[in-house]
There are 2 protein chains.
Amino acid sequence: MPNMHSEHQAKIESFYSQNKRMPTYSEMMGLFGFRSKNAVFKVVEKLIDAGLATKDHLGRLMPTQAFGEIPLLGSVTAGLPATVEEELLERVNLDDMLIEKKASTFMLEVDGDSMIDAHIEKGDMVLVERANTAKDGQIVIAEVDGEFTMKYFRKEGNKVWLEPANKKYQPIYPEHSLNINAVLKAVIRKY
Amino acid sequence: MPNMHSEHQAKIESFYSQNKRMPTYSEMMGLFGFRSKNAVFKVVEKLIDAGLATKDHLGRLMPTQAFGEIPLLGSVTAGLPATVEEELLERVNLDDMLIEKKASTFMLEVDGDSMIDAHIEKGDMVLVERANTAKDGQIVIAEVDGEFTMKYFRKEGNKVWLEPANKKYQPIYPEHSLNINAVLKAVIRKY
DNA sequence: GTTGACAGTGAACGAGCGTTCACTTATACT
DNA sequence: AGTATAAGTGAACGCTCGTTCACTGTCAAC
């Protein structure tokens, strides 16, 4: 039996991603197939010694690194190492990485081709944050003549306009006002 | 006082995203500024009545929708609605949406321009899943002559080759074997 | 064969949990 | 003024939690 630890840890991880919380010792009894809580206690003790788990101030198991976190390897040209047992890898949590202000963050689907030269294509998902203002060069979702579009926001002096990232469209110079709706934080394309 | 519920819920959400678990009633006492657990009890009762929370079989608070989930609005041309109080919005969890097999999923940074015509550019982050095989048309990370690259995987009959998404590079026809390392699941670009 | 380490059982214990009860204070409506 | 409704206090209660203790079986080492 190579490494019992990882098997137990995998079951805990699986429980966590289903229930969004850590299992209690009684629940782990069922999870591991034990009939005694003490058996669980000893297993957990080893997981902690191995640095694969932690407890909080209530004695409850805490989600540590590797719960919701994904190994962040180097670049594409480096490829994937054969074994990823190494704990010296950096790890990232998608939510923490992409979402700053959760309450004002939304997701939208892209449905035009006006930002194609910025490599944002139809069908992509965009993560945006509600805002009324933007800085020059940011990509925004704005309302122009009652219609919403995604464009580069440009500002020079007190002159503002919108610029598509597609040569076949023209920049938009607002006559009166320009209602910024949100600024782009991230693009997500799923395959 | 417009809606006390949302304020309390926001504090719980904040606690959850920091501690990756729900607060206990005692912790909520501190969180809300109460000196009695019963005050918390009544607040929680209302949150449940309002459908903003649930309890599990232990009586503990459960993370419900809206914990780690982001409102998924329509398309960009639809813009962002003024109020998002409506509970009829679809919501998505980034992790659940993007990660299928957590144990074999990794993140890499893109560092070439060979996939630029597929709108994957230098600096993008890619979510990949370790694999030895792929289907025709999928984007893969493969090893060719000791070097790793990201390319389209092509297969016709028993002939396989790699195809860049950039006219200035040539397709790669492997002489002996072709080591597929991983297949692309998603592209993430952060601004 | 004996010993020691390890893994698991089963029962017990204190602590903290969620919950309930009785009571007080404040707000709003007749 | 009088009264209902809601919000908060503080103490109590049972239940489940994590933890501990004593014990049994198993396997390897010497």
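Since the model is a prediction, treat every value here as computed from it, not as a measurement. Just so it is clear, the values below take in all heavy atoms, side chains as well, and ignore hydrogens, waters and symmetry mates. Order of the sequence lines fixes the chain letters, A, B, ..., with proteins taken first and strands second; residue numbering starts at 1 for each chain.
As a whole-Å value, the separation of B:Tyr25 OH from C:dT19 C1' is 8 Å. For B:Asp56 and C:dG18, the CG to C1' distance is 11 Å, given to the nearest whole Å. Counting to the nearest Å, the P atom of D:dA7 and the NE2 atom of B:His8 are 10 Å from each other. At whole-Å resolution of the value, CD in B:Glu45 and C1' in C:dG18 are 12 Å apart. Rounding to whole angstrom units, CD1 of residue B:Ile48 and P of C:dT19 are separated by 7 Å. The interatomic distance linking B:Lys55 (NZ) with C:dC17 (P) rounds to 15 Å, in whole Å. Here C:dC6 presents its C1' atom at 12 Å from CZ of A:Phe34, a figure rounded to the nearest Å. Protein atom CE of B:Met29 is 13 Å distant from nucleotide atom C1' of C:dG18, rounded to whole Å.
In the hydrophobic clustering of ILVMFWY residues, with side-chain heavy atoms under 4.5 Å counting as a link, B:Ile141 and B:Ile139 come out together.
Comparing A:Lys42 and A:Met28 by the nucleotide of DNA chain D that holds the closest heavy atom to each, the one mapping nearer the 5' end is A:Met28. For the pair A:Arg60 and B:Lys37, nearest-nucleotide mapping onto DNA chain D gives the more 5' position to B:Lys37.
Taking every side-chain heavy atom of B:Thr24 into account, C:dC17 is the closest of C:dT9, D:dG8, C:dC17.
Contact annotation: side chain of B:Ser36 to base of D:dG8, donor-acceptor pair absent below 3.5 Å.
Applying side-chain contact (heavy atoms from CB on, under 4.5 Å) to A:Leu108 and the options A:Val128, A:Leu184, A:Leu127 leaves one that passes, A:Val128.
B:Asp136 and B:Tyr152 share no side-chain donor-acceptor pair at under 3.5 Å. Under the 3.5 Å distance criterion, with hydrogens and angles disregarded, a donor-acceptor pair is assigned to the side chains of B:Thr77 and A:Asp111.
Base engagement by A:Phe41 is indicated by at least one non-hydrogen atom pair under 4.0 Å involving a base atom.
Residue B:Ser26 places none of its side-chain N or O atoms closer than 4.0 Å to OP1 or OP2 of C:dG16.
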Worked verdict on B:Lys190 versus B:Asp124 for salt bridge (charged side-chain N to carboxylate O under 4.0 Å, His left out): CA-CA 8 Å; B:Lys190 199 168 180 268; B:Asp124 287 358; over 6 Å; no

